[in-house]
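The structure appears below as structure tokens.
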Amino acid sequence: MNLRLPWPQIATVLLDMDGTLLDLRFDNHFWRELVPDRYAKLHGVSLERARSEVAAHTQAVEGTLAWYCLDYWTRELRLDIVTLKHEIAHLIAVHPHVLDFLNALREAGKRVVLVTNAHPKSLALKMEKTRLVGYFDQIICAHTLGLVKEQAAFWPCLCAAERFEPARTLLVDDHPGILRAAQAYGIAYLVSVLRPDSTQISRTPGEFPAIHDFSDLLPVG
């Protein structure tokens, strides 16, 4: 599924982290398995009840900055979330062909910006484990802007910080709601990821052009 993008017209490439550059297996295992297990042991409830209560907590704030905030979850669940993330850091992995794509962007002279909703402590852990930090011209964390990418107000704030031209910008992200928000702001080139989690089957292509992995975006002209 090779996507032929008009690379000469693209000056800036905005890249999501979790589920896009990095395998979402880590995050899914963390929130669906490890956190409920430790929550059950701490609060003396069954694993089934723990899963239900953790899910209810997360659904209540989905799409907000709190949903991504490790400090918030440490207070809310009474668990040391950062320490737990380090406990399974061996599951942090880069998706196939990501390095090939990042090298190609560099050689083509594109400006490459990592734009993530991840909490700064999670971002730091993942950059430490993957050593991707040197591939980006800029890293922008939603927490520094006080907004998340799902929110319409995020995009003008990002543009003010980064000074990109929406008409000459590509965004690759695994979250349809984020792609819709970027589209509404005027970002011209939008690409979705069909398999954010390597342990799950690929999604069915939807409203945006989509890739199975980053080899589908090569070569970069």
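Nearest heavy atoms, C159 versus Y185: CB-OH, 3.3 Å. Counting all heavy atoms, side chain and backbone alike, V115 lies closest to F154 at CG1-CZ, 3.6 Å. A pairwise comparison of heavy atoms in R195 and S198 identifies NH2-O, 2.7 Å as the closest pair. In terms of heavy-atom proximity, L170 sits nearest to W7 at CD2-CH2, 3.6 Å.
Put simply, the side chain of R168 never gets that close to the backbone of T12: no donor and acceptor are under 3.5 Å apart. Judged by distance alone, with hydrogens and angles left aside, the side-chain atoms of W67 form no donor-acceptor pair with the main-chain N or O of A60 at under 3.5 Å. Listed for the W31 side chain is no donor-acceptor partner under 3.5 Å among the backbone atoms of A55. Side-chain N or O atoms of T64 include one that pairs as donor or acceptor with a backbone N or O of V61 at under 3.5 Å. D137 places no side-chain N or O within donor-acceptor distance of the main-chain N or O of V113, the cut-off being under 3.5 Å. Of the possible polar contacts, none joining the T20 side chain to the M17 backbone as a donor-acceptor pair under 3.5 Å is found. Between the side chain of H95 and the backbone N or O of P196, at least one donor-acceptor pair lies under 3.5 Å. With hydrogens and angles disregarded, no donor-acceptor distance shorter than 3.5 Å links the side chain of Q59 to the backbone of A56. With hydrogens and angles disregarded, a donor-acceptor distance shorter than 3.5 Å links the side chain of R203 to the backbone of D174.
Aromatic ring pairs are classed by plane angle as parallel below 30°, tilted from 30° to 60° and perpendicular above 60°; the pair H57 and Y39 is perpendicular.
A side-chain contact (heavy atoms from CB on, under 4.5 Å) with F101 is found for exactly one of V112, I211, V220, L21, namely V220. Screening D27, D23, N28 for a side-chain contact (heavy atoms from CB on, under 4.5 Å) involving R25 leaves a single residue, D23.
Residues F208 and V193 fail the side-chain proximity criterion, which asks for heavy atoms closer than 4.5 Å. The closest side-chain heavy-atom distance from L102 to F136 is below 4.5 Å. Counting heavy atoms from C-beta on, the side chains of F30 and I88 come closer than 4.5 Å.
Tracing side-chain contacts under 4.5 Å through hydrophobic residues (I, L, V, M, F, W, Y), one never reaches L5 starting from F164; they form parts of separate clusters.
Atom-to-atom distance recorded for S122:OG and F26:CZ is 6.0 Å, nearest 0.5 angstrom. With values rounded to the nearest 0.5 angstrom, L22 atom CG is found 5.5 Å from M127 atom CE. To the nearest 0.5 Å, atoms NZ (K149) and CZ (R180) are separated by 14.5 Å. Atoms CZ and CD1, on R111 and I10 in that order, are 16.0 Å from each other to the nearest 0.5 Å. Rounded to the nearest 0.5 angstrom, L79 CG and L70 CG are separated by 12.0 Å. Here the CG atom belonging to L105 is positioned 11.0 Å from the CG atom belonging to D100, to the nearest 0.5 angstrom.
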>> Determine whether R78 and H43 satisfy the following criterion, side chain to side chain donor-acceptor pair (under 3.5 Å), listing intermediate values before the conclusion.
In response: CA-CA 9 Å; R78 292 194 287 155; H43 296 282; 3.2 Å; yes
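Electrostatic pairing of K126 and D18 counts as a salt bridge here, judged by a charged N lying under 4.0 Å from a carboxylate O. A salt bridge does not link D71 with R75: none of the charged nitrogens is closer than 4.0 Å to a carboxylate oxygen.
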